[in-house]
Participant: 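Provided herewith is a single structure, encoded as structure tokens, for subsequent inquiry.
Here, residue 1 is the first one in the sequence, and each next residue gets the next number. Only heavy atoms go into these numbers, but all of them, side chains included; no hydrogens, no water, no symmetry mates. All ligand and atom numbering here is 1-based and tracks the order in the structure.
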Amino acid sequence: MIQKNVSLKEYTTFRIGGPADFFSIVTNEDELIEALNFSKKNKIPFFVLGGGSNLLVADAGYRGIVIKMEMKGVTYEENGNDVKVTAYAGEDWDKFVDETVEKGLYGLENLSYIPGTVGASPVQNVGAYGSEAKDTIDSVYVLDVKNDEYITLSNAECKFAYRDSLFKHNPGRYIVISVAFNLKKKGKLNTGYKDIQEYFTFKKIAEPTLKQVRDAVIEIRQRKLPDIKHYGTAGSFFKNVIVAKSQAQELLERYPEMILHPVNEKKVKIPIAWVLDNLCGFRGVKKGNVGTYKNQALVIINLGNATAAEIIALAQKMVDGVYEKTGIEIEPEVEYVE
Ligand code: EPU
């Protein structure tokens, strides 16, 4: 069913945004095709919405059809120690991660408690606490709108990188239907991230279990990031920045206390939260209806009835602040829908 003039506010975790001219909830391939045909016939654009947890919708809303992906289902295929788990795009991400951990399957535990849906995980290549979706994604089953065919893209074909993928470079071309993950019955836990290491040292747990790692990640996220139940937010508003080692070295000479994370021999990742907090004083700021979170300067929050325009104004100040101090042009991680 295609609805008219639906407010998008309640469909985003920022709780911001005007109406979509048209809106359709799709629970299977036929309903998806129907919505796409409507967009074609009326010559209006479409936008596929998952959990709305990484979006900022314009105050004026969207002049097209928003397709809310709600295809559900999870299947398990065992092959020795490997288990291929395929989930439909509309599954809630953390409910899915919880289910795999409860079944004792290794691979997704560090990505616990991330808001959003399974369908968004390959688009964003979601990442946290030393893991990324690309580490376990086997393949992604999509509708290629351009060629009008369903295809399976291998992990390599998805061209994953930090918060980046083939899907991001071809907006509107591929609609994720389901994602297959390679999980393990017996696997290796990744507890190297500083926050996780500190957590287990503090708890005096030398060899944590799979479930304990999930619980640790949930606790750390709850401590560091605003809960979307209480705050309008889309998590990190900007991406971290990867620069050449030489540029990082220059910054380190100017700011010796700066934290840097080596990516490989030549590249270094700069945690922009650190820059925003320690060099620009942007942690826990409040400007009218918007602000940054008290424990995470990279996270912009809606303090009340914020508009998209207010969020953008604060974000621009943050961009300018980082540029002034470091010469780095930061880019939003959150997608703007207009
Ligand atoms: N830091 C500060 N001040 C702050 C926040 C952080 O100095 O206000 C410092 C921390 O002490 C740490 C460094 O900055 O040394 C990095 O902070 P953190 O470990 O919290 O990670 P991040 O780089 O800010 C990224 C992801 C998060 C993810 C965390 C944990 C991006 C854009 N963000 O944040 O993802 O949860 O790592 O792995 O890569 C999201 O995408 O929405 C998100 C929350």
Participant: Specify the protein heavy atom at minimum distance from atom 37 (O) of ligand 1: its residue, its atom name, and the distance to 0.1 Å.
Facilitator: Tyr193 OH, 3.7 Å

Participant: Can you confirm if the aromatic rings of Phe46 and Phe22 lie within a centre distance of less than 6.0 Å?
Facilitator: no

Participant: What residue and atom, counting heavy atoms only, is the protein's closest point to atom 25 (C) of ligand 1, and at what distance?
Facilitator: Asn240 ND2, 4.1 Å

Participant: Within the 4.0 Å heavy-atom shell around Tyr162, which atoms of ligand 1 are there?
Facilitator: 31 (C), 32 (C), 39 (O)

Participant: Just jot down the ligand 1 atoms closer than 4.0 angstrom to any heavy atom of Gly235, in number order.
Facilitator: 42 (O)

Participant: May I ask you to check if Lys103 and Tyr76 form a cation-pi contact, with NZ or CZ under 6.0 angstrom from the six-membered ring centre and within 45° of the axis?
Facilitator: yes

Participant: Just grab all the salt bridge (charged side-chain N to carboxylate O under 4.0 Å, His left out) pairs involving residues 124-145, residues at least two apart or on different chains.
Facilitator: Lys84-Asp138, Glu132-Lys134, Asp144-Arg173

Participant: Does Glu331, at its CD atom, have more than 12 non-hydrogen atoms belonging to other residues, nucleotides or ligands within less than 6.0 Å?
Facilitator: no

Participant: So, the side chain of Thr12 versus the backbone of Lys9: is there a donor-acceptor pair under 3.5 Å, distance only?
Facilitator: yes

Participant: Could you tell me the residue and atom name of the protein heavy atom closest to atom 4 (C) of ligand 1, and the distance to it rounded to 0.1 Å?
Facilitator: Asp277 OD2, 3.5 Å

Participant: Strictly distance-based, threshold 3.5 Å: is any side-chain N or O of Asn295 a donor or acceptor partner for the main-chain N or O of Arg223?
Facilitator: yes

Participant: Quick one: nearest non-hydrogen protein atom to atom 41 (O) of ligand 1, plus distance?
Facilitator: Arg163 NH2, 2.7 Å

Participant: Among all protein heavy atoms in this structure, tell me which lies nearest to atom 5 (C) of ligand 1, with the distance rounded to 0.1 Å.
Facilitator: Ala273 CB, 3.4 Å

Participant: Give the atom numbers and elements of ligand 1 that come within less than 4.0 Å of a heavy atom of Pro271.
Facilitator: 13 (C), 14 (O), 16 (C)

Participant: Can Tyr106 be reached from Ile137 by stepping across I, L, V, M, F, W or Y side chains whose heavy atoms are under 4.5 Å apart?
Facilitator: yes

Participant: Within 4.0 Å of atom 11 (O) of ligand 1 (strictly less), any protein heavy atom?
Facilitator: no

Participant: Among the clusters formed by ILVMFWY side chains lying less than 4.5 Å apart, do Tyr88 and Leu183 turn up in the same one?
Facilitator: no

Participant: With respect to atom 38 (O) of ligand 1, which of Tyr129, Trp274, Phe238 exhibits the smallest heavy-atom separation?
Facilitator: Tyr129

Participant: Any idea which atoms of ligand 1 are less than 4.0 Å away from a heavy-atom of Ala128?
Facilitator: 36 (O), 38 (O)

Participant: Find all atoms of ligand 1 within a distance of less than 4.0 Å from any non-hydrogen atom belonging to Glu333, and give their numbers and elements.
Facilitator: 40 (C), 41 (O), 42 (O)

Participant: Please confirm whether the backbone N or O of Leu108 pairs with a side-chain atom of Arg214, one donor and one acceptor, at under 3.5 Å?
Facilitator: no

Participant: Run the numbers for me: atoms of ligand 1, each under 4.0 Å from some heavy atom of Ala297, listed by number.
Facilitator: 4 (C), 8 (O)

Participant: How are the rings of Tyr293 and Tyr231 set to each other: parallel, tilted or perpendicular (split at 30° and 60°)?
Facilitator: perpendicular

Participant: Taking the six-membered ring of Tyr162, is NZ or CZ of Lys269 closer than 6.0 Å to its centre and within 45° of its axis?
Facilitator: yes

Participant: Could you identify the single nearest non-hydrogen protein atom to atom 42 (O) of ligand 1 and state the distance to 0.1 Å?
Facilitator: Ser236 N, 2.9 Å

Participant: Among all protein heavy atoms in this structure, tell me which lies nearest to atom 15 (O) of ligand 1, with the distance rounded to 0.1 Å.
Facilitator: Ile259 CD1, 3.3 Å

Participant: With heavy atoms under 4.0 Å as the rule, classify the contact between Arg221 and ligand 1 as side chain, backbone, both or neither.
Facilitator: side chain

Participant: Looking at atom 27 (C) of ligand 1, would you say a protein heavy atom lies below 4.0 Å from it?
Facilitator: yes

Participant: Out of all atoms in ligand 1, which are within 4.0 Å of some heavy atom of Asn278? Include the element for each.
Facilitator: 7 (O)

Participant: For atom 24 (O) of ligand 1, what's the nearest protein heavy atom and its distance?
Facilitator: Gln296 NE2, 2.8 Å

Participant: Just verifying a value: how many Å separate Tyr62 OH and Asp21 CG, rounded to the nearest 0.5 Å?
Facilitator: 9.5 Å

Participant: Is atom 31 (C) of ligand 1 in close reach of the protein, with a heavy atom under 4.0 Å away?
Facilitator: yes

